[in-house]
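Since the structure comes first, as structure tokens, the remarks are kept for the end.
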Number of protein chains: 2
Amino acid sequence: MRHSTTRRNVLRGTAATAALAVTAAATTGAAHAVPQGAGPNIGILLYDGYSLLDPTGPAEVLSRLPDATVTMIAEKRGAVRTDTGDVAVVAERSIAEVDRLDVLVVPGAGDRGTVGAMNNEALLRWIRQIHRHTQWTTSVCTGSIVLAAAGLLDGRQATTYWASAEYLRSTFDVTYLPQRYVRSGKIITAAGVSAGLDMALYLASLIADDDTAKAIQLAVEYDPQPPFDSGNAADASPQLKERALQLLAASQV
Amino acid sequence: MRHSTTRRNVLRGTAATAALAVTAAATTGAAHAVPQGAGPNIGILLYDGYSLLDPTGPAEVLSRLPDATVTMIAEKRGAVRTDTGDVAVVAERSIAEVDRLDVLVVPGAGDRGTVGAMNNEALLRWIRQIHRHTQWTTSVCTGSIVLAAAGLLDGRQATTYWASAEYLRSTFDVTYLPQRYVRSGKIITAAGVSAGLDMALYLASLIADDDTAKAIQLAVEYDPQPPFDSGNAADASPQLKERALQLLAASQV
């Protein structure tokens with residue numbers, strides 16, 4: 001081949017990376033046991049119909065924390081499908097196999113998935129049990145509605161997906177704040193889908209420090225430059241909101 | 001339960017969503033055949049050691065395009081692990097099962113995964129074959145180096161992960177542009193990891209139209225508000241860059 005493909009070449013500063021790769025291998029080798037390691041044990045709950053970016057955005061960011069282990073967890077081990085039915089992420093552990101986490105992340109879902117999780121008493125029981133000992137219990141999008149259904153948000157401030165704010169506010173004893181993420185004690189809720197990235201960087205700064213979170217932001221080159229400026233529901237027309245909800249519904253099974 | 005969990009309540013505008021859910025089910029039901037449908041057939045290539053957000057960010061965005069099917073594809077069907085070894089996404093189809101795509105997305109990876117893909121002639125051959133008939137061939141992060149290894153970027157302008165820019169420029173006949181995403185004919189390359197979200201929204205506007213892309217941005221509430229402003233390598237100190245690369249290396253197996 002005309003191009004060199006030695007590891008030193010693909011990324012600069014590979015001397016350091018090569019040295020650290022050994023530690024990395026040792027660390028991540030332990031990640032398939034029930035979470036245990038030098039760093040934070042981060043568990044992300046998957047359930048049928050979640051939105052793909054909700055768990056994967058925070059996983060990408062939090063997996064870069066020193067010695068962190070990230071474990072996808074579901075009611076049963078195995079592939080768990082997203083709201084579109086097209087894509088599946090593997091749950092490495094069942095909820096029965098995990099009784100302690102430093103960090104719990106509960107993603108959101110479409111109507112079907114959110115309602116399903118809200119009515120899944122085994123899931124809600126596990127969330128309550130894990131929450132007792134977490135350092136941080138977090139959610140993305142309608143994951144805050146699942147936390148609320150578990151009773152974790154009673155009397156708290158929280159955020160959620162823009163289109164679910166009225167439901168959260170009117171159904172639970174929760175004060176909705178239209179913010180990207182909201183911290184209430186050790187619970188951090190994020191707004192819709194992509195807000196999990198911002199929440200995860202904030203969480204990284206709390207778990208480690210600002211410099212580490214800033215380095216992670218650079219590591220995932222998170223310098224957002226969307227071609228449009230239409231992501232804030234507060235600035236959206238009723239027509240755009242309706243179109244957004246229609247596209248979501250049409251993409252979901 | 002004290003809270004109602006009927007589907008109409010969780011999201012507003014659910015009358016529309018209920019009506020469209022039927023269409024959605026029909027559409028996504030077809031997604032598990034070799035991609036074919038009324039909308040764009042989008043294939044995302046998974047290979048050992050990819051970075052989780054690279055395929056999942058674009059998948060989240062592009063799956064909201066009307067009648068789109070998103071299929072995760074790999075050399076073999078089944079779970080494909082990320083660079084950290086902790087997480088796996090399921091490849092629904094093998095490359096042998098897919099010979100036509102409207103849109104190809106090639107994600108990036110750490111050193112090991114990128115070099116592995118660059119040296120995988122079967123994968124490169126498939127990429128070249130699929131590219132002949134795509135409407136759009138795209139990459140995220142070091143996925144552009146995989147496209148370059150396949151010979152698709154010869155004489156073109158492209159972008160890649162910030163730390164891989166020098167390698168791309170010095171190894172291939174490619175003009176590196178330090179942009180969030182770069183279009184060269186029907187090839188669109190994105191910068192690192194999270195840049196796939198911005199690229200996917202741009203791509204959505206090309207496949208559909210600006211209004212649809214704006215509605216998708218609202219649907220995933222992509223109103224980025226990172227707690228820090230450290231995602232642009234051009235503004236980063238040598239120390240921050242080194243720290244970012246060390247965190248990456250330490251998190252990878």
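In what follows, chains are A, B, ... by sequence order, proteins preceding strands, each numbered from 1.
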Whatever's closer than 4.5 Å to a heavy atom in chain A on B/Ala233 counts as both
Could you tell me which non-hydrogen atom of A/Ala236 sits nearest to which non-hydrogen atom of B/Leu218, and how far apart they are? CB-CD2, 3.6 Å
pair A/Pro224-B/Pro226: side-chain heavy atoms closer than 4.5 Å: yes
Under the ring pair (Phe, Tyr, Trp, His ring centres under 6.0 Å) test, which residues partner A/Tyr181, sequence neighbours left out? A/Tyr202
Tell me, do B/Asn232 and A/Glu221 make a side-chain contact under 4.5 Å, heavy atoms counted? no
Side-chain heavy atoms of B/Pro66 within contact of A/Leu247, under 4.5 Å: yes
To the nearest 0.5 angstrom, please state how far the OG1 atom of B/Thr84 sits from the CG atom of A/Leu62. 11.5 Å
Return the minimal non-hydrogen interatomic distance between A/Tyr222 and B/Ser194, and the atom names on each side. CA-OG, 3.1 Å
What part of B/Asp210 is in contact with chain A, defined as an atom under 4.5 angstrom from a non-hydrogen atom: side chain, backbone, both or neither? both
Please determine, by modelled atom types, if A/Thr212 and B/Arg243 share a side-chain donor-acceptor pair under 3.5 angstrom. yes
Would you indicate whether the side-chain heavy atoms of A/Val87 and B/Val89 approach each other to under 4.5 Å? yes
Just verifying a value: how many Å separate B/Asp223 CG and A/Ser230 OG, rounded to the nearest 0.5 Å? 9.0 Å
For the residue pair A/Leu53 and B/Leu197, establish whether any side-chain heavy-atom pair is separated by less than 4.5 Å. yes
Is the shortest heavy-atom distance from the side chain of B/Glu60 to the side chain of A/Thr82 under 4.5 Å? no
Quick one: of A/Asp211, A/Leu240, A/Thr160, A/Val61, who has the most non-hydrogen atom pairs under 4.5 Å with chain B? A/Leu240
Is the shortest heavy-atom distance from the side chain of B/Gln225 to the side chain of A/Met199 under 4.5 Å? no
Salt bridge (charged side-chain N to carboxylate O under 4.0 Å, His left out) partners of A/Arg180, counting only residues at least two apart: A/Asp198
Say you draw a straight line from CZ of A/Arg81 to CD of B/Glu92; how long is it, rounded to the nearest 0.5 Å? 4.0 Å
Main chain of B/Thr71, side chain of A/Asp86: is a donor-acceptor contact present, judged purely on distance under 3.5 Å? no
Greatest number of heavy atom pairs closer than 4.5 Å to chain B - which of A/Asp229, A/Leu168, A/Asp54: A/Asp229
Side chain / backbone / both / neither for B/Ile216 at chain A, heavy atoms under 4.5 Å: both
Quick one: of A/Leu65, A/Val193, A/Leu201, who has the most non-hydrogen atom pairs under 4.5 Å with chain B? A/Val193
